[in-house]
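Numbers restart at 1 for each chain; the letters A, B, ... are given by sequence-line order, proteins then strands. What you see is a predicted model, and the numbers here were worked out from it, not measured in a lab.
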Amino acid sequence: MAAEETAQGPVTMLSTPIRLDYNFTAGVAQSKSLRGYAEGRFIGQRCPVCKKVYVPSRGSCPKDAVATTEEVVLPNTATVTTFCVVNVPFAGQSIEIPYITASILLDGADITFMGLIQGIAPEDVEMGLRVEAVWVPKEELGPTLASVKYFQPTGEPNREVSTFAEHL
Amino acid sequence: MSTPPPRQGTRPVAIVACAQSKSERRIEQANEVELLMPVVTEVYANAGMTKDDVDFICSGSTDYLIGGPFSFVTALDAVGVWPPKAESHVEMDGAWALYEAWVTLQEEGKDVALVYGFGKSSLGDLSRILALQLDPYTMAPMWPDQVSLAALQAQAMIDQGLATEEDFARIASRARHNALSNPNAQVANEKTMEELMKDDYAVAPLRRHTLPPLSDGAAAIILVAGDRAYDVVDRPAWITGIDHRVDAHAFGARNLAESRSTTKAAENAGVSAGPVDIAELHAPFAHQEILLRRAMGLNESTVINPSGGPLAANPLMAGGLIRFIEAANRIMDGSANRAVAHATSGPVLQQNLVAVLEGAS
């Protein structure tokens, strides 16, 4: 290295802003689920081979590699399979900590998705907790999972972990 | 039946079944899983196999096209990796996934591989996306688009007396004509060289017809090692030679009017060891066909891109694998005995993969 370069030291930072814009293709199956949110309901699909119900569905059974075409409307009720209590503040956080993020298994579904739990103290949440979806007001419904405001306890007894162990 | 001996490796590997989607400018309904699923289903059906027959799965795609992380993992929903499968992915055209599968099938006990590539060019601005494969410090910040870079290459060829604009138009004319008999092609019509020369320049010296179409599409291949290939198809397309090489990343470090990586890969694949009936060349821009042909030493007796080639259909990340499909189909149907399949990746033919496919004598 030349003496004058050594004196200046290495270049350690270079800023090259990159921005790319995309169109997202939800696809046929996922579009159905998204439209379902706008109507305030969960729409999944059933695999014709293993009969498992996926919500939201991407249009295929990942186990059997066959197209899922049968639509299934699922209820608002669900079970918390596992959960965590969020105590960490981060930029853009819209909910007061601590709060609970849970894996939600809708009744009749075979796959979980992430949901927010409200209406219960964090220390009282357990695996197997029975919950139901609370949707945003009708005029605010849209093709997004944000249409589900949160899940709240139904008051039913908890489900035994062994009954949903497959989904953990 | 006498299986042609492979130049590389110890186990002969053949293409036994293929499937591809029709290339379209914009597939708006289907997501990547829905685009891929019918193609994978079809390739299994063509091979008379199910997912349970497959020992190894390898795919080629890029998250940059979709704008989402790990999109190749999502795509596995179309393939069925249960019970758990040995699977791999390359951030390259599906042709490089085929290369990895060919390597994997050299191992005894792994006999069948599924290879696929997929890409939707319609989701983003391809000229910006492809700029990101350039040097991130000195080149990408200027966002040079791929058409301008290809034009630099074409101009270099003209200046070195290797080609004329009329040559480019003649290639485009033939590609579109050949594509008329390809049901998966996107650009197919009868236009003479003289008619095409009336096109405006996209970026001089490249007129519109010298550019590939923007395509959405997917393709899949089943590879089988050893004599088991004859259980699937009477005349497997044996991969008797295969190699890939890379040129310098910096354009200034190489002569853009030649492709030394292609020459080297073709030598190692044994292209000149026998007559080449057909060659499917992954030349997205018309002038690159001339360049590749020279680099491989293909003479006038070789039919180039009977499918129409990438000027007729060019789904990114599947376009190279489709060259293998078009070449293999012509071996399998007996219309060719010895074929070359070529794939490229990176800016202006930076990386090149060349394979020789042969039918049993």
Present all donor-acceptor pairs from chain A to chain B with distances below 3.5 Å, rounded to 0.1 Å.
{"unit_1": "A:Arg19", "atom_1": "O", "unit_2": "B:Arg128", "atom_2": "NH2", "d": "3.2"}
{"unit_1": "A:Tyr22", "atom_1": "OH", "unit_2": "B:Tyr64", "atom_2": "O", "d": "2.2"}
{"unit_1": "A:Asn23", "atom_1": "N", "unit_2": "B:Leu123", "atom_2": "O", "d": "2.7"}
{"unit_1": "A:Thr25", "atom_1": "OG1", "unit_2": "B:Lys120", "atom_2": "NZ", "d": "3.1"}
{"unit_1": "A:Ala26", "atom_1": "O", "unit_2": "B:Asn31", "atom_2": "ND2", "d": "3.0"}
{"unit_1": "A:Val28", "atom_1": "N", "unit_2": "B:Gln29", "atom_2": "O", "d": "3.4"}
{"unit_1": "A:Val28", "atom_1": "N", "unit_2": "B:Glu34", "atom_2": "OE1", "d": "2.8"}
{"unit_1": "A:Val28", "atom_1": "N", "unit_2": "B:Glu34", "atom_2": "OE2", "d": "3.1"}
{"unit_1": "A:Ala29", "atom_1": "N", "unit_2": "B:Glu34", "atom_2": "OE2", "d": "2.9"}
{"unit_1": "A:Arg58", "atom_1": "NE", "unit_2": "B:Asp77", "atom_2": "OD2", "d": "2.9"}
{"unit_1": "A:Arg58", "atom_1": "NH2", "unit_2": "B:Asp77", "atom_2": "OD2", "d": "2.8"}
{"unit_1": "A:Ser60", "atom_1": "OG", "unit_2": "B:Asp77", "atom_2": "O", "d": "2.8"}
{"unit_1": "A:Lys63", "atom_1": "O", "unit_2": "B:Lys51", "atom_2": "NZ", "d": "3.2"}

* Looking only at heavy atoms, what is the nearest atom pair of B:Val54 and B:Leu114, with distance? -> CG1-N, 3.7 Å

* Structure fact -> Nearest heavy-atom approach of B:Ala78 to B:Val40 is O-CG1, 4.0 Å

* **Heavy-atom closest pair, residues B:Ile325 and B:Cys18** => CG2-CB, 3.5 Å

* Asked: Do side-chain atoms of A:Arg130 reach the backbone of A:Ala78 as a donor and acceptor pair under 3.5 angstrom?
  -> yes

* Between A:Glu160 and A:Ser162, is any side-chain donor less than 3.5 angstrom from a side-chain acceptor? -> no

* To do: Could you please spell out the steps behind the side-chain hydrogen bond (donor to acceptor under 3.5 Å, both in side chains) verdict for A:Asn76 and A:Glu132?
  => CA-CA 5 Å; A:Asn76 278 330; A:Glu132 64 188 350; over 6 Å; no

* Asked: Measuring heavy-atom distances to chain A, does B:Val33 have an atom under 4.5 Å in its side chain, in its backbone, in both, or in neither?
  -> side chain

* Asked: Under a 4.5 Å heavy-atom cut-off, does chain A meet the side chain of B:Pro83, its backbone, both or neither?
  -> neither

* Using non-hydrogen atoms only, which part of B:Leu132 is less than 4.5 Å away from chain A: side chain, backbone, both, or neither? -> side chain

* Take B:Ile221 and B:Leu98 through the side-chain contact (heavy atoms from CB on, under 4.5 Å) test and state the conclusion after the steps. => CA-CA 8 Å; B:Ile221 278 178; B:Leu98 180 140; 3.9 Å; yes

* To do: Side-chain contact test, heavy atoms from C-beta onward, threshold under 4.5 Å: evaluate it for A:Phe42 versus A:Val72 and give yes or no.
  => no

* For chain B, which residues from residues 94-106 of chain A lie under 4.5 Å away (heavy-atom distances)? -> none

* Asked: How long is the gap from CG on A:Leu129 to OG1 on A:Thr154, to the nearest 0.5 Å?
  -> 7.0 Å

* Measure distances from A:Ala67 to the heavy atoms of chain B and classify the residue's part below 4.5 Å as side chain, backbone, both or neither. => both

* Asked: Which of parallel (below 30°), tilted (30 to 60°) and perpendicular (above 60°) describes A:Trp135 and A:Tyr37?
  -> tilted

* Asked: If you round to the nearest 0.5 Å, how far is CG of A:Leu20 from CD1 of B:Ile129?
  -> 6.0 Å

